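Structure, as structure tokens:
All values below were derived from every heavy atom in this structure, side-chain atoms included, with hydrogens, water molecules and symmetry-related copies excluded. This structure is a prediction, so every number in the text was calculated from the model and none was measured.
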Amino acid sequence: MFTRQAPRFISSQTTVFARRARLYSSAAASYEHILTSTPKPGVGLITLNRPKALNALSSPLFKELNDALSKYDENKDIGAIVITGSDKAFAAGADIKEMAPLTFSAAYSNNFIAPWSHLATNIRKPVIAAVSGYALGGGCELALMCDIIYCTATATFGQPEIKLGVIPGAGGSQRLTHAVGKSKAMELILTGKNFSGKEAGEWGVAAKVVEGGKEEVLEEAVNTAESIAAYSRVAVVAAKEVVNKSQELSLREGVEFERRLFHGLFGSKDQKIGMTAFAEKKKPEWSNE
């Protein structure tokens, strides 16, 4: 939840990609702080779009983000979602101007930033973060809420809230610890040190580290999203659910939960389609039912 004063900056790469992506979009909504498009069949793309503020996160931005995520989640034509920013910043943190004047009473009674967790708690389809540049504070937390992180080697992650006299408030202390372990997370959060995209890959924070910039990492993320979207939507949602449960349940409880969903999929049309197609050496044509 940390950002620095941003220079006046507009990414030409972001603008070019957004224009290309809109060519594929059949019903892109109009937002002030984000861009939406469908760059490949079955893929919903959300681009954070506050370039002058290095995509600093705010309540108005998250209201739009949550709306776009929900619409993609409900859209039967979308199978996976990608969130990205600019070449210089995925999201450099939360908007300090919004937070600075808050009192405990106001933050607590209004449950400040609770809506920021909508992605992690309510979105059932897979979400991939394509990160380049800064992903600090809330930006790091937003990336960690996603199911998969792809990043550039030179991306900069961090939870520097301690430097502002506060702590992570959107799940950073919990999700970062799950990703890197207690000792490393404690070091990062207590010192406010940043870590690179290369380190994110080495520590298991990121699934893939891509050489190049925003365009290259976004292409990788969109291609993976397209691949996921080509499978049975029923099975994909179930797969995401069982992996997420592994973070909450004991091994025995998790295996039992997995088995119940595995059994349940034998009641789907897509299980019959998939296994019949495999036996007949054909490509399955999913019903998503």
Side-chain angles (χ1 to χ4, degrees), residues 1-11 14 31-35 46-66 69 83-102 106-107 110-120 127 129-146 149-152 154-177 179-180 185 187-197 199-200 205-206 213-214 217:
M1 302 183 321
F2 173 82
T3 190
R4 61 189 68 183
Q5 199 68 16
R8 294 186 177 276
F9 152 81
I10 297 179
S11 168
T14 300
Y31 296 106
E32 182 180 357
H33 304 298
I34 63 173
L35 302 172
I46 300 172
T47 303
L48 306 183
N49 189 40
R50 295 187 70 199
K52 294 181 180 179
L54 291 179
N55 292 331
L57 302 173
S58 63
S59 294
L61 183 149
F62 261 96
K63 183 177 181 180
E64 294 183 355
L65 177 62
N66 291 344
L69 285 166
I83 299 177
T84 194
S86 68
D87 192 54
K88 194 165 186 178
F90 175 73
D95 195 329
I96 301 302
K97 292 180 180 179
E98 179 182 10
M99 293 193 299
L102 286 175
N110 295 320
N111 209 10
F112 178 59
I113 77 170
W116 293 25
S117 295
H118 176 71
L119 163 59
V127 182
V131 179
S132 58
Y134 295 114
L136 300 176
C140 184
E141 290 172 308
L142 176 59
L144 289 168
M145 288 183 215
C146 295
I149 298 176
Y150 283 3
C151 68
T152 63
T154 56
T156 302
F157 294 87
Q159 299 289 167
E161 289 87 352
I162 199 75
K163 297 178 181 180
L164 295 177
V166 292
I167 62 172
S173 65
Q174 307 304 299
R175 294 188 178 94
L176 189 59
T177 302
V180 303
E187 177 192 36
L188 292 168
I189 290 169
L190 292 181
T191 65
K193 289 181 179 179
N194 296 337
F195 58 98
S196 68
E199 289 172 318
V205 175
K214 185 267 182 79
V217 73

Exercise for the section: Supply the atom-to-atom distance Leu188 CG to Ile162 CD1, rounded to the nearest 0.5 angstrom. Expected result: 12.5 Å
Exercise for the section: With the side chain counted from C-beta on, respond yes when Ile167 and Ile189 share a heavy-atom pair under 4.5 Å apart, and no when they do not. Expected result: no
Handout entry: Expected output: side-chain Glu64 to main-chain His33 donor-acceptor under 3.5 Å
Key = yes
Exercise for the section: Show your working on side chain to side chain contact (heavy atoms under 4.5 Å, CB included) between Glu187 and Phe195 and close with a plain yes or no. Expected result: CA-CA 11 Å; Glu187 177 192 36; Phe195 58 98; over 6 Å; no
Exercise for the section: Check whether any side-chain N or O of Asp95 sits under 3.5 Å from a backbone N or O of Leu57 as a donor-acceptor pair, and report yes or no. Expected result: no
Problem - Nearest-0.5 Å distance, OG of residue Ser86 to OH of residue Tyr134 - result: 11.0 Å
Handout entry: Main-chain N/O of Ser196 paired to Glu199 side chain as donor or acceptor, under 3.5 Å
Key = yes
Completion exercise
Looking only at heavy atoms, the pair that brings Ile83 and Cys146 closest together is CD1-SG, 4.2 Å
Handout entry: Minimum-distance pair of heavy atoms, taken over all atoms of Ser132 and Ala155
Key = CA-CB, 4.3 Å
Exercise for the section: Applying side chain to side chain contact (heavy atoms under 4.5 Å, CB included), run through Phe157 and Leu176 and close with a yes or a no. Expected result: CA-CA 11 Å; Phe157 294 87; Leu176 189 59; over 6 Å; no
Exercise for the section: Test Glu141 against every option in Gln174, Gln159, Arg175 by the side-chain contact (heavy atoms from CB on, under 4.5 Å) rule and name the one that passes. Expected result: Gln159
Handout entry: Ser173 versus Pro168, closest heavy-atom pair with distance
Key = N-CB, 3.9 Å
Fill in the blank from the handout: Closest heavy-atom pair, Ile113 versus Gly169, reported as atoms and distance to 0.1 Å, is CD1-O, 3.0 Å
Problem - Thr177 side chain vs Ala185 backbone, donor-acceptor pair below 3.5 Å - result: no
Practice task
Could you pull out the closest heavy-atom pair between Asn55 and Ala91, with the gap in Å?
Solution key: O-CB, 3.4 Å
Problem - Any donor-acceptor pair under 3.5 Å from Asn49 side chain to Leu35 backbone - result: no
Exercise for the section: Please tell me if the side chains of Val217 and Thr84 come closer than 4.5 Å, counting only heavy atoms from C-beta onward. Expected result: no
Practice task
Start with the C-alpha gap between Cys140 and Phe90, add the side-chain angles, then the distance that decides, and say whether side chain to side chain contact (heavy atoms under 4.5 Å, CB included) holds.
Solution key: CA-CA 9 Å; Cys140 184; Phe90 175 73; over 6 Å; no
Handout entry: Nearest heavy atoms of Thr47 and Lys214, plus distance in Å
Key = CG2-NZ, 4.4 Å
Problem - For His118, all residues meeting side chain to side chain donor-acceptor pair (under 3.5 Å), sequence neighbours excluded - result: Ser70, Asn122
Practice task
Report the C-alpha separation of Leu142 and Leu65 in whole Å, then their side-chain angles, then the decisive distance to 0.1 Å, and conclude whether the side chain to side chain contact (heavy atoms under 4.5 Å, CB included) test is met.
Solution key: CA-CA 11 Å; Leu142 176 59; Leu65 177 62; 4.1 Å; yes
Practice task
Could you tell me the separation between the CG atom of Asn111 and the CH2 atom of Trp116, rounded to the nearest 0.5 Å?
Solution key: 13.0 Å
